[in-house]
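Inspection log for the structure reproduced underneath, given as structure tokens.
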Amino acid sequence: MSGPPNASPGDLSWNSASLISSWIVGPLYGINICVFILCVHVLHMKGLKGPNLMMLIVASVQFVLATGHISTLLVQLIKTYVGAAGTLDRPSEDWFGGASPEHVAQEALYITNSLIGDAILIWRLWIIWNRNFWLCLPFIVLCIATTVTGYTAVAHIAQLSANGSIFVARVHNWLVATWALSIATQFGATLLISYQVWISIQWNPMGTQGTQASRRAVLGTLVESGALYTVTTIFCLGFSGTNIAPIFAAALGQISALAPTLIIARTGLKSLGSSSSFTPAKGSINDAYHSPIRHLPQDLESQSRECEAMVVHIRKATEICLDKLASRDCGGSSSDERSS
């Protein structure tokens, strides 16, 4: 497998890129295992029905795809450096490219996991924006376009020769289009979701401190988890003409499964650890994030309960003050009687 035709002298060699990618993907898969276990625990504690059951199924599918992704990389690594095709001193040229079944499967699993991640993001956007179909329509179109370009690239990879390069125009151009469309979906949807959460924070400035802190925590989780995937895709697109690009592409095969489950695990753990518990309304932000965020109708109910509690507190404080004044007056009158 050869590198890009116009590689710069400072570019990594193909064999170095292959080893670095395996070093990165391995730890990422280990993180995926831990986060998936946390995700299953959180969803189990919240009850496996409705949106929780659906999210568990989707997270399980993504974890299986991530497992298949690292398995194909491991098979390629063994064939390249240990198997009959190569030795440790003289590795084979078949790593990270060509029409080998392992490489085609690796790319197909990555594209599939990436599309599932984009679809989950669009679903969250639809839930948080009160099921506004027209707002989500451009992102649905982008996701469909990403599906077309992604699987077209996989089809062209399958037609390569044994030592063919993914940097040929008929493969490379489709991969670049896939990354660009995925970045547009991730960035735009995450921006709109974050804006809606931020608006809910500003709309209810008098909310309880715990509620406001929970919303800000979810906003931070959205930005951090979304940035992890988006920034990696941007680097992949930026280095698309070098041997560094396949390293980021291999990492995306794990990050595409890690980002959605990380949001569920982090926000869910915060929700389980919160002292205030309530039943999420259908279609609320909780439906999408399993976190202690409340929509505006619930905010009004919360403010009503806070006002009632404040009235009770003021009433009790008034009664205590009246009791003290009464006892003071009684004490003063008795002393006057004794002095007389």
Side-chain angles (χ1 to χ4, degrees), residues 3-4 6-8 10-12 16-18 20-25 27-29 31-32 35 62 65-66 69 73 96 106-122 124-125 138-154 157 166-167 169 171-195 219-263 266:
N6 298 321
S8 61
D11 193 10
L12 286 174
S16 298
S18 68
I20 292 174
S21 66
S22 63
W23 295 339
I24 293 176
V25 170
L28 284 175
Y29 180 69
I31 297 173
N32 249 330
V35 173
Q62 286 202 287
L65 292 175
H69 178 265
L73 282 173
F96 244 151
Q106 171 203 336
E107 296 298 334
L109 290 169
Y110 152 60
I111 294 296
T112 304
N113 235 349
S114 177
L115 289 172
I116 293 175
D118 289 349
I120 292 174
L121 194 61
I122 295 172
R124 285 174 173 152
L125 177 68
F139 298 99
I140 295 174
V141 173
L142 284 173
C143 190
I144 294 173
T146 307
T147 304
V148 173
T149 57
Y151 286 118
T152 301
V154 172
I157 290 174
I166 63 172
F167 292 98
V171 176
H172 183 256
N173 292 343
W174 286 107
L175 287 175
V176 170
T178 301
W179 294 329
L181 290 169
S182 184
I183 290 172
T185 302
Q186 296 159 28
F187 182 79
T190 302
L191 187 65
L192 287 174
I193 292 171
S194 302
Y195 172 76
L219 181 60
T221 300
L222 285 172
V223 173
E224 292 169 10
S225 301
L228 175 67
Y229 187 54
T230 305
V231 169
T232 307
T233 309
I234 291 174
F235 275 115
C236 196
L237 181 62
F239 291 98
S240 59
T242 69
N243 284 332
I244 300 176
I247 298 176
F248 290 107
L252 281 173
Q254 298 297 318
I255 295 175
S256 58
L258 178 61
T261 52
L262 186 62
I263 292 176
R266 290 182 61 181

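The first residue in the sequence is number 1, and the count goes up from there.
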Closest non-hydrogen contact found for Gln254 with His69 is NE2-ND1, 3.3 Å

- Do the non-hydrogen side-chain atoms of Trp179 and Ile234 ever get within less than 4.5 Å of each other? no

Rounding to 0.5 Å, atoms CG (Leu142) and OG1 (Thr147) come to a distance of 10.5 Å

When every non-hydrogen atom of Leu115 is compared with those of Cys143, the smallest separation belongs to CD2-O, 4.0 Å

Shortest non-hydrogen pair, Ile247 vs Ser21, comes out as CA-CB, 4.2 Å

All heavy atoms of Asn32 vs all of Leu258, minimum pair found to be OD1-CA, 3.3 Å

Exercise. For Phe235, look at atom CZ and say whether over 12 heavy atoms of other residues, nucleotides or ligands are found less than 6.0 Å away.
Key: no

So CG of Leu109 and CD of Gln62: to nearest 0.5 Å the spacing works out to 12.0 Å

Q) Are the side chain of Ser240 and the backbone of Leu237 linked by a donor-acceptor contact shorter than 3.5 Å? A) yes

Rounded to the nearest 0.5 angstrom, the OG1-CG distance for Thr233 and Leu181 is 11.5 Å

To the nearest 0.5 Å, atom CG of Leu192 lies from atom CG of Leu121 at 9.5 Å

d(Leu65 CG, Thr112 OG1) to nearest 0.5 Å is 6.0 Å

Q) Is there a side-chain contact between Leu262 and Ile31, using heavy atoms and a 4.5 Å cut-off? A) no

*Residue pair Tyr229 / Asp118, side-chain heavy-atom distance below 4.5 Å*: yes

Q) Is it true that the side chains of Thr149 and Thr178 contain a donor and an acceptor less than 3.5 Å apart? A) yes

Looking only at heavy atoms, the pair that brings Ile24 and Ala251 closest together is CG2-CB, 4.0 Å

- Short question: side chain of Ser114, backbone of Tyr110 - any donor-acceptor pair under 3.5 Å? no

Shortest non-hydrogen pair, Ser256 vs Asn113, comes out as OG-CB, 3.3 Å

CD1 (Ile111) and CD1 (Ile157) are apart, to the nearest 0.5 Å, by 8.0 Å

